[in-house]
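Letters A, B, ... are given to chains in the order of the sequence lines, protein chains preceding strands, and every chain is numbered from 1.
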Number of protein chains: 2
Amino acid sequence: MAGKAKGRKARNGGGEITMSDIARHAGVSPMTVSRALSDPASVSDKMRRKVDAAVRQFGYLPNRIAGSLSSKRSNVIGLVVPSVRNSLYAAMIHAISDVARANGLHVMIANSGHRLEDEEALVSALLAQRVCGLVLHNTAHSKRLRELLARTDIPVVETGNLPAKPIDMAVSYSNFDAARAMTGHLGRLGYKRIGFVTLPLRDNDRSRERRRGYFAALKELGLPADPGLVLEAPGGFAEGADALVRLVQTHPDIDACFFAGDVLAVGALFECQRRGWAVPGRIAIASFDDLDLLRHTVPTVTTLRIPRQDIGRRSAELLVNRLRGASPQKVRIDVGFEIVQREST
Amino acid sequence: MAGKAKGRKARNGGGEITMSDIARHAGVSPMTVSRALSDPASVSDKMRRKVDAAVRQFGYLPNRIAGSLSSKRSNVIGLVVPSVRNSLYAAMIHAISDVARANGLHVMIANSGHRLEDEEALVSALLAQRVCGLVLHNTAHSKRLRELLARTDIPVVETGNLPAKPIDMAVSYSNFDAARAMTGHLGRLGYKRIGFVTLPLRDNDRSRERRRGYFAALKELGLPADPGLVLEAPGGFAEGADALVRLVQTHPDIDACFFAGDVLAVGALFECQRRGWAVPGRIAIASFDDLDLLRHTVPTVTTLRIPRQDIGRRSAELLVNRLRGASPQKVRIDVGFEIVQREST
DNA sequence: CCGTTCTGTGGTATCGCTACCAACCTATAG
DNA sequence: CTATAGGTTGGTAGCGATACCACAGAACGG
């Protein structure tokens, strides 16, 4: 029998409590410990009790690294977002993290900073960590990253935009449709000279799609497309304020402005407060993304409600289903969006 | 010689490309591949070139799970925050994530939702994943978690408050000092009836410390401590607005209010805008934490600047130093804070 | 010219766990 | 009472990497 023999001393100076230690003290085999912990139903009550007692006594924590190596299954999801600091992504991260936890998974997070090369490096690193699934908040990847992802066999969810040809699965809304809808909404409210402020377009297909949507709507409305009414600005309160002022100065006849990103609209609104410009009297303001803030400003701000949380939840659920054995079929979920008409327009 | 022999078929159906595969194709031993990848300086140029070529040719990604098991070193930091969704923590997460990346580490993130039992479960899970270090945004742990952390030998950084007796290392500001300083500041500006709105106190030593600081300052100012001037509110715009209104109704003589948390102050400010109450004419408003937003509202809001990003950066740096071999000595860093006087007071 | 140090390389033995198969034991039926 | 099935348990052999030691050849001094 196995007994206490084998007299292994190993180079392990008694550092880690292992499954064998628990097994020895519980008077069962290591395999039984393994089963008692990972699939309690598969061992008898008696055994399970013995194992549980020993586990508690020693405060044993199974080594998941060893477990993952042996089973060739990891329980970590990789997540790459442009910026953790942004509250929009934060909502998504939160939802993913909740679903993950409910399913015994962990989340490894990485910031791409909107840089495609960084995204590539980060995904490589996550794959080296052998994550069991990936969520990427980006759909415009570098060529090498596409190749890398095509070769891997773990499930991948892209989000942030609806790609024409998803690598694997995609959960998002259409930036084009959303921007087009909001611009159309402004047009139907009677605004004739609608400005558009966008986040940087470089390396960001979401921004570009939104601009495309804006122009498409203008065309449908029969309004002239004036490139001078479009401004590119980094995200931020001050940048939004600045953009608004510049547009009003160069185009005094502007009567509405659609801020397609981040906190630009709020910055602009505050600027109006400072200057005493009536909103929407002097100029109407519309925003992208339903920040909680927009519901409380004076006036409240018309915006697009993007179900960020749903996106996170459903992305994670898709991964979980795949891990549970669902057949790998391309999925492309459009979660839609909603126009929230408030006081600012 | 090793040759191509060994004819191993294994149960591995040829799934993963291993170091041995690379070694075979590069005509070197697996050990040389390992060294070429983890410590390039230790192999000759010739070998390194051969290895690099094979690595590139096959798009080989080393299996860090196997590496970690073998070396008993992981390269993942565990991070537990009350809520990913909160922009304050987000700044910290971002900084940690940057430092981690610069040092070849990854970040595994978990939400405790301000629940101590959850914190305990999450830390256990992270330890089972054999993270190489921990950052906890909380200092009031459950008894069992304290015991667990005392037994572990990985470095741990606590933050969010300055604990009297850190488990290992701590990087934070003092919630007590900060709240005391701001209340004192309001007193010295001449306000006599200073209200205080706090986040929930349960399971949150940070909130409790802030309230203690508020009362301590009142005492120092020689102002009466009126429990009716203290209100507990969940974080949020609406809650801040509501708290302000209630305080003004029950205490019409109130002339200032210190909102010790989240977006409460901003909600209150918007409520004043709606009601046409002059700020600080009718009532002064002060906030905790220098949200970008507070610099742009009308009026701008007096607040405490907490160097959240520094906290994250320094926490991560402490971990990294320890991992690089620094001797395990208790560290307790007070990053301080700063009062930012603006228009609202 | 030989012993010694230094550098670079390879072989072997794990790391702690799980997959797989074999063995066993109790039920149930024939 | 034996044959078959079903449910538990244990032993063995890896998972893919690294630590450690051994060794070969280059570099060096006396």
Under the side chain to side chain contact (heavy atoms under 4.5 Å, CB included) test, residues paired with [X] that sit two or more places apart:
X: B:Arg73; result: B:Ser71
X: A:Ala91; result: A:Arg308, B:Arg85
X: B:Arg324; result: B:Asn103, B:Val320

Single hit among A:Ser83, A:Ser112, A:Ser315, A:Pro82 for side-chain contact (heavy atoms from CB on, under 4.5 Å) with A:His137: A:Pro82
Short N-O contact, B:Arg313 and B:Asp310, less than 4.0 angstrom: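 Here B:Arg313 pairs with B:Asp310 in a salt bridge, since their nearest N and O are under 4.0 Å apart.
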Evaluation steps, side-chain contact (heavy atoms from CB on, under 4.5 Å), between B:Arg322 and B:Met169: CA-CA 11 Å; B:Arg322 220 19 125 54; B:Met169 301 181 280; 3.7 Å; yes
What is the distance from [atom1] of [X] to [atom2] of [N], rounded to the nearest Å?
X: A:Asn63; N: D:dC15; atom1: CG; atom2: P; value: 18 Å
X: B:Asp39; N: C:dT7; atom1: CG; atom2: P; value: 13 Å
X: B:Leu69; N: D:dG14; atom1: CG; atom2: C1'; value: 12 Å
X: B:Ile17; N: D:dC15; atom1: CD1; atom2: C1'; value: 16 Å
X: B:Lys50; N: C:dG10; atom1: NZ; atom2: C1'; value: 13 Å
X: B:Met19; N: C:dG11; atom1: CE; atom2: P; value: 16 Å
X: A:Arg24; N: D:dG10; atom1: CZ; atom2: C1'; value: 16 Å
X: A:Met31; N: D:dT12; atom1: CE; atom2: P; value: 14 Å

Result block: side-chain N/O donor-acceptor pairs under 3.5 angstrom for residues 148-160 of chain B, not counting sequence neighbours:
{"unit_1": "B:Glu158", "atom_1": "OE1", "unit_2": "B:Ile167", "atom_2": "N", "d": "2.8"}
{"unit_1": "B:Glu158", "atom_1": "OE2", "unit_2": "B:His141", "atom_2": "NE2", "d": "2.7"}
{"unit_1": "B:Thr159", "atom_1": "OG1", "unit_2": "B:Val171", "atom_2": "O", "d": "2.6"}

Trace of the side-chain contact (heavy atoms from CB on, under 4.5 Å) decision for A:His114 with A:Asp203: CA-CA 7 Å; A:His114 290 283; A:Asp203 278 356; 5.8 Å; no
Worked verdict on A:Thr32 versus A:Lys50 for side-chain contact (heavy atoms from CB on, under 4.5 Å): CA-CA 10 Å; A:Thr32 300; A:Lys50 288 205 270 187; over 6 Å; no
Axis bend over the full length of the helix from C:dC1-D:dG30 to C:dG30-D:dC1, computed from five pairs that close each end, to 10 degrees: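 The angle separating the two end axes equals 40°.
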What nitrogen or oxygen pairs link the protein and nucleotides 7-9 of chain D at under 3.5 Å?
{"unit_1": "D:dT9", "atom_1": "OP1", "unit_2": "A:Ser44", "atom_2": "OG", "d": "2.6"}
{"unit_1": "D:dT9", "atom_1": "OP2", "unit_2": "A:Ser44", "atom_2": "N", "d": "2.9"}

B:Ser70 (side chain) and D:dT18 (base): donor-acceptor pair under 3.5 Å: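 Yes, a donor-acceptor pair under 3.5 Å.
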Sugar-phosphate, base or nothing in reach of A:Pro30, heavy atoms under 4.0 Å: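 Nothing, no nucleic acid heavy atom in range.
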Please determine whether a side-chain nitrogen or oxygen atom of [X] lies at a distance below 4.0 Å from atom OP1 or OP2 of [N].
X: A:Lys72; N: D:dG16; answer: yes
X: B:Ser34; N: D:dA17; answer: no
X: A:Tyr60; N: C:dG16; answer: no

Earlier contact from the 5' end, DNA chain C, for A:Ile65 and B:Gly27: B:Gly27
Listed nucleotide nearest any side-chain atom of A:Arg73, set D:dG16, C:dA19, D:dC15: C:dA19
Side-chain (A:Arg48) to main-chain (A:Pro40) donor-acceptor, under 3.5 angstrom: yes
